[in-house]
Engineer: 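Submitted below is the structure of interest, expressed as structure tokens.
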Amino acid sequence: MAINPRGIESALSLETSTSRHRETHQDRVRMRIDGRWMVLAAALWIQAFTGTNFDFSAYSSELKAALGISQVQLSYLATASDLGKALGWSSGLALIYLPLPLVLLLTAVIGLAAYAVQWLVITSRISLPYLPVFLVCLLAGCSICWFNTICFVLCIKNFPMSRALALSLTISFNGVSAALFSLVAKTLGSTSSVYLLLNATLPLLASAASLPPILYYHHPVSSTTVSPRAADNRIFLWLFALAFVTGLYLLFLNSVSTTVVIACFLLVGAVSLLLFPLCIPCLVCSHSQESTQTLQHLHKPLIDHQSSSAADVAEEDDISSREGRGPWKSWWCCCCCDQLMAMDRLSGLAEEHGVKKLMRRVDFWLYYLVYLCGATVGLVYSNNLGQIAQSLGKESQTTTLVTIYSSCSFFGRLFSAAPDFLTGKAHFARTGWLAVAQVLTPVAFFLLGESGDGKALLAGTALVGLSSGFVFAAAVSVTSDLFGPNSVGVNHNILITNIPVGSLLYGVLAALYYDANGVMIGDGMVVCMGRECYAKTFVLWGCISLFGLACSVVLYLRTRLAYEFSDRRRSPAALVDRGAIDNGFDG
């Protein structure tokens with residue numbers, strides 16, 4: 001039988017045309033719904049239901065009684081959960097060699113296993129020695145860090161030009177986890193052990209619900225093909241407003257959920273607010289090719305040492321030379337601090353740092369101390385809220401205190417986006433905002449050390465939550481600014497190794513003071529009642545956070561010129577000038 005070559009060519013041509021038509025149709029569907037916002041909504045869901053470390057104090061007293069351990073041993077378990085974050089770098093490696101959806105499911109399964117074992121122990125269904133429980137807490141902390149890294153990667157890859165806003169918004173929702181879990185626990189009407197059951201199951205359910213948009217829409221976006229930043233900022237403004245409403249809803253209405261029926265209604269409202277971001281992508285149409293071409297023409301890397309023009313170098317030298325003028329120079333000379341300001345100083349932002357280069361940076365270790373003596377102290381405080389409330393006779397308010405800390409941490413994370421919304425209106429380095437946020441922590445601890453009444457406890461908890469939340473959210477963007485956006489997955493996980501270090505130091509010190517003032521009641525368990533249980537600890541934490549504040553001021557002074565230089569490069573006039581130069585115009 002003869003074969004007609006022309007017939008085969010016609011068939012292949014028809015098949016190719018049909019295939020192209022299908023691809024074009026799929027692309028049009030994706031263009032109608034901007035997939036980046038679908039991925040962002042999925043990341044918000046993941047973060048909202050994976051902040052399982054914030055409710056530790058809700059069940060810590062019951063865990064302590066079930067294991068029959070001292071306060072120091074309980075502090076070690078909290079440290080184990082934080083120590084899991086020291087293994088967070090492994091999530092970056094996993095994302096290099098495995099697909100992101102597979103890493104997400106693996107992380108959810110790890111968390112499920114870790115918290116399920118703790119729930120079986122606390123409900124006396126199984127009996128385990130102390131060491132296996134310690135290792136299980138370590139595994140649980142590792143899963144939290146993996147969830148966070150996955151969300152960081154989703155934000156950075158899909159919003160390269162607005163990554164700071166995407167990160168601030170996403171990280172902020174991690175702060176509502178404790179308030180959400182509190183509502184669910186009240187709905188179930190069970191004991192504090194239900195928090196462990198929720199920690200095991202809700203992250204898995206949230207991960208499963210987030211998989212479809214991630215699988216279908218997650219395609220890393222080039223920074224030269226995204227929509228103009230102004231358009232993104234308007235959408236982010238609406239999303240931040242929605243997040244603010246969600247935080248107020250959980251903060252003020254959580255306290256009125258006194259019955260199961262009321263808690264059910266409030267939970268439905270909270271879930272509805274979390275679902276609303278899914279409506280945003282349907283309202284966002286892709287921008288025209290003209291906008292994309294304009295952006296391609298204007299967009300330039302933040303810092304490019306290989307192709308920087310002579311004008312940029314001259315501008316940088318002009319900014320740096322300001323330190324040699326005016327009263328500031330003489331003041332620093334009088335204090336013999338000018339060498340500290342100039343030693344190994346960053347010349348610009350967004351320069352990529354490998355691990356070896358990062359370890360040699362003075363600014364990194366200064367930044368490490370800022371986090372260690374600031375937000376980490378606040379995290380240790382939240383881990384001890386159960387025992388603090390019990391020692392002051394406010395055990396019935398433990399859930400309220402956890403909700404206040406969680407909600408205020410949420411608002412602090414939202415406020416960390418202020419520098420990005422004020423870009424072009426107020427030129428203030430992100431590290432300067434970090435220093436301002438640090439002020440609240442020592443104020444809170446000195447207030448708690450001076451007064452032990454219920455009002456001071458509520459106010460101090462709110463202040464610590466605001467300050468810690470701001471630092472938690474801003475830290476990712478600061479790491480990206482100072483040490484490069486492409487390396488943030490590894491570098492930020494190196495930074496947060498300070499959390500287990502601080503958790504061990506501050507937690508054990510607090511536990512030693514607690515046990516020294518307590519009395520032993522059966523099976524070696526120590527209980528302390530009264531202000532003296534934590535009074536000295538609060539003063540000590542206040543002094544440590546003051547040192548962290550001083551470090552943050554020094555970090556700001558060392559990096560403010562780099563931020564000023566980058567602001568000048570990103571100004572509209574600078575972009576237009578560079579565009580003219582790149583096209584061969586001398587002006």
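Hydrogens, waters and symmetry mates play no part in the numbers below; they use all other heavy atoms, side chains included.
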Engineer: Can you confirm whether L196 sits close enough to D55 that some side-chain heavy atom of one is under 4.5 Å from a side-chain heavy atom of the other?
Structural biologist: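 Contact flag for L196/D55 side chains = no.
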
Engineer: Is there a donor-acceptor pair closer than 3.5 Å between any side-chain N or O of N158 and the backbone N or O of C155?
Structural biologist: no

Engineer: Within the side chain of S172, is there an N or O that forms a donor-acceptor pair under 3.5 Å with the backbone of L169?
Structural biologist: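 Flag set: sc S172 to bb L169 pair under 3.5 Å.
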
Engineer: Any sub-3.5 Å donor-acceptor pair from S81's side-chain atoms to L138's backbone N or O?
Structural biologist: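 Not a single qualifying donor-acceptor pair exists.
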
Engineer: Please confirm whether the backbone N or O of F415 pairs with a side-chain atom of W433, one donor and one acceptor, at under 3.5 Å?
Structural biologist: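 No.
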
Engineer: Can you tell me how far CG of L466 sits from SG of C408, rounded to the nearest 0.5 angstrom?
Structural biologist: 4.5 Å

Engineer: Return the CZ to CD distance between F538 and E450, rounded to the nearest 0.5 Å.
Structural biologist: 13.0 Å

Engineer: Under the side-chain contact (heavy atoms from CB on, under 4.5 Å) criterion, do Y514 and T537 qualify, and how do the steps go?
Structural biologist: CA-CA 9 Å; Y514 180 94; T537 299; over 6 Å; no

Engineer: Quick check: does any side chain N or O of S545 sit under 3.5 Å from a backbone N or O of G542, one acting as donor and the other as acceptor?
Structural biologist: yes

Engineer: Would you please test S467 and T441 for side chain to side chain donor-acceptor pair (under 3.5 Å) and show each step?
Structural biologist: CA-CA 6 Å; S467 177; T441 305; 2.7 Å; yes

Engineer: Is it the case that over 12 heavy atoms from other parts of the model lie below 6.0 angstrom from the CZ atom of F134?
Structural biologist: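 Yes, enclosed.
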
Engineer: Is it the case that the side chains of Q71 and K64 hold a donor-acceptor pair, with the cut-off being a distance below 3.5 Å and no angle test?
Structural biologist: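 The criterion, which ignores hydrogens and geometry beyond distance, is satisfied for Q71 and K64.
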
Engineer: Checking R413 side chain against I171 main chain: does a donor-acceptor pair fall under 3.5 Å?
Structural biologist: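 Side chain of R413 to backbone of I171, a donor-acceptor pair under 3.5 Å: yes, one is there.
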
Engineer: Take F173 and F49, measure what ring pair (Phe, Tyr, Trp, His ring centres under 6.0 Å) needs, and give me the verdict at the end.
Structural biologist: CA-CA 8 Å; F173 273 82; F49 290 99; 9.9 Å; no

Engineer: Would T52 and Y195 count as a side chain to side chain donor-acceptor pair (under 3.5 Å) if you check the C-alpha gap in whole Å, the side-chain angles of each, and the deciding distance to 0.1 Å?
Structural biologist: CA-CA 9 Å; T52 51; Y195 282 94; over 6 Å; no

Engineer: Ring centroids only, cut at 6.0 angstrom: are F445 and Y381 within range, meaning strictly under it?
Structural biologist: yes

Engineer: Kindly say whether P203 contributes a backbone atom to a donor-acceptor pair with the side chain of S207 at under 3.5 angstrom?
Structural biologist: yes

Engineer: Can you say whether the rings of F483 and F364 are parallel (under 30°), tilted (30 to 60°) or perpendicular (over 60°)?
Structural biologist: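 Perpendicular: the ring planes of F483 and F364 meet at over 60°.
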
Engineer: Evaluate the criterion side chain to side chain donor-acceptor pair (under 3.5 Å) for residue pair Y115 and S143; output intermediate values, then yes/no.
Structural biologist: CA-CA 10 Å; Y115 284 111; S143 71; 5.6 Å; no

Engineer: Judged by atom type as modelled, is there a donor-acceptor pair below 3.5 Å linking the side chain of N174 to the main-chain atoms of T170?
Structural biologist: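 Such a contact is absent between N174 side chain and T170 backbone.
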
Engineer: Within a reach of under 6.0 Å around CZ of F265, are more than 12 heavy atoms found that belong to other residues, nucleotides or ligands?
Structural biologist: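 Atom CZ in F265 is not packed in, count stays at 12 or less.
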
Engineer: Just by modelled atom types, is the Y371 backbone N or O under 3.5 Å from a matching donor or acceptor in the T376 side chain?
Structural biologist: yes

Engineer: Disulfide (SG to SG under 2.5 Å) with C533: which residues, sequence neighbours excluded?
Structural biologist: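 With sequence neighbours excluded, C533 shows a disulfide (SG to SG under 2.5 Å) to C528, given in chain and number order.
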
Engineer: With sequence neighbours left out, write down each residue that passes salt bridge (charged side-chain N to carboxylate O under 4.0 Å, His left out) with K357, or none if nothing qualifies.
Structural biologist: E351

Engineer: Does F470 offer a backbone N or O that forms a donor-acceptor pair with the side chain of S416 under 3.5 Å?
Structural biologist: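 Looks like no, no N/O pair under 3.5 Å.
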
Engineer: Sort and list the pairs that fulfil ring-ring contact (aromatic ring centres under 6.0 Å, His included) and have at least one residue in residues 60-85, not counting sequence neighbours.
Structural biologist: none

Engineer: Any side-chain donor paired with an acceptor under 3.5 Å for Q118 and N199?
Structural biologist: no

